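Numbering of residues begins at 1 and proceeds along the displayed sequence. Small disclaimer: the values here were computed from a predicted structure and weren't measured.
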Amino acid sequence: QVQLRESGGGSVQAGGSLRLSCVASGIAYARYCMAWFRQAPGKERERVAIISSGGGTASYADSVQGRFTVSRFNAENTLYLQMNSLKPEDTANYYCAGGSNTGVWSQCRDLQRYNIWGQGTQVTVSS
C-alpha cells in the first residue's frame with residue numbers, strides 16, 4: 001500500500017522550532033523527488049521545500065529560506081523538515097508529497113509531478 005505519513009506537528013511560540021517527519025511505504029523511495037507543502041485556511045497550497053531523490057539538491061520558498069531545512073534518509077524511507085525561527089505566518093497544515101523521477105533535478109521542480117500525498121500535520125505558531 002502506497003502511503004506517506006507525517007508526524008511532528010504541534011503548537012509552538014514564535015521563534016521556536018519543530019521537526020517534521022514523513023515516512024514512506026509502498027514506493028521505491030530512493031527514486032522519488034520529495035517535497036513539503038503547506039496550506040493555511042483560506043489560502044492556496046504553497047510549496048515549502050523540495051529535495052532531489054538522492055538528497056543532494058534542495059530548494060526552498062523565499063518565505064522559509066534560511067529558516068527551514070529539508071533532508072531525507074533513504075535507508076529508512078524518511079523525509080524531514082527542520083523548522084527554526086518559526087513565525088505566526090508559518091501556521092498551516094503541512095503535507096509531504098512524492099513524485100517519481102529519473103534522477104533529473106528539473107523533474108523535481110515540476111510541481112505537477114507530485115502525485116503521492118500524506119494526510120498532513122498541523123503546525124500552529126503563536127505570537
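- Because its NZ or CZ atom is not both nearer than 6.0 Å to the ring centre of F37 and within 45° of the ring axis, R47 does not count as a cation-pi partner of that residue.
- Here the closest non-hydrogen pair linking S126 and P88 is C-CG, 4.5 Å.
- Follow the hydrophobic side-chain contacts under 4.5 Å out from L86 and you reach V70 in the same cluster.
- For the atom pair CG of N101 and CG of D110, the computed distance is 10.5 Å after rounding to the nearest 0.5 Å.
- Hydrophobic clustering of Ile, Leu, Val, Met, Phe, Trp and Tyr side chains at less than 4.5 Å, counting indirect connections, keeps W117 apart from I27.
- T121 contributes a side-chain N or O that, together with a main-chain N or O of G9, makes up a donor-acceptor pair within less than 3.5 Å.
- A distance-only check finds no donor-acceptor pair linking the side chain of N77 to the backbone of A30 [under 3.5 Å].
- Rounding to the nearest 0.5 Å gives a distance of 4.5 Å between CE of M83 and CG of L18.
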Any chance you could lay out the side chain to side chain contact (heavy atoms under 4.5 Å, CB included) test for I51 and C33, step after step, and finish with the verdict? CA-CA 6 Å; I51 188 167; C33 307; over 6 Å; no
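- Taking both residues in full, the closest heavy atoms of G56 and S52 are given as N-OG, 3.2 Å, listed atom of the first, atom of the second, then distance.
- More than 12 heavy-atom neighbours from other residues, nucleotides or ligands sit within 6.0 angstrom of CD on Q82.
- Separation of atoms CZ (R5) and CD (Q3) is listed at 4.5 Å; rounding is to 0.5 Å.
- Counting only distance, with no hydrogens or angles, the side chain of R72 and the backbone of T78 share no donor-acceptor pair below 3.5 Å.
- Proximity of a side-chain donor or acceptor of E6 to a complementary backbone N or O of G120 within less than 3.5 Å is detected.
- Note that CG of L81 and SG of C22 are 10.5 Å apart. Values are rounded to the nearest 0.5 Å.
- Contact record, Y114 with C108: OH-O, 2.7 Å, taken as the closest heavy-atom pair.
- Counting only residues at least two apart or in different chains, side-chain hydrogen bond (donor to acceptor under 3.5 Å, both in side chains) contacts with residues 18-44 comprise R38-E46, R38-S63, R38-D90, R38-Y94.
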Is there a side chain to side chain contact (heavy atoms under 4.5 Å, CB included) between V48 and F68? Walk through the geometry before answering. CA-CA 9 Å; V48 174; F68 291 12; 3.7 Å; yes
Verdict with supporting geometry, I50 and R109, side chain to side chain contact (heavy atoms under 4.5 Å, CB included): CA-CA 7 Å; I50 58 177; R109 300 184 68 178; 3.8 Å; yes
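- Looking only at side-chain heavy atoms (C-beta outward), V123 and L20 come within less than 4.5 Å of each other.
- One finds the OG atom of S53 at 9.0 Å from the CD atom of Q107 (value rounded to the nearest 0.5 Å).
- Just one of L4, V23, I116 meets the side chain to side chain contact (heavy atoms under 4.5 Å, CB included) condition when paired with C96; it is L4.
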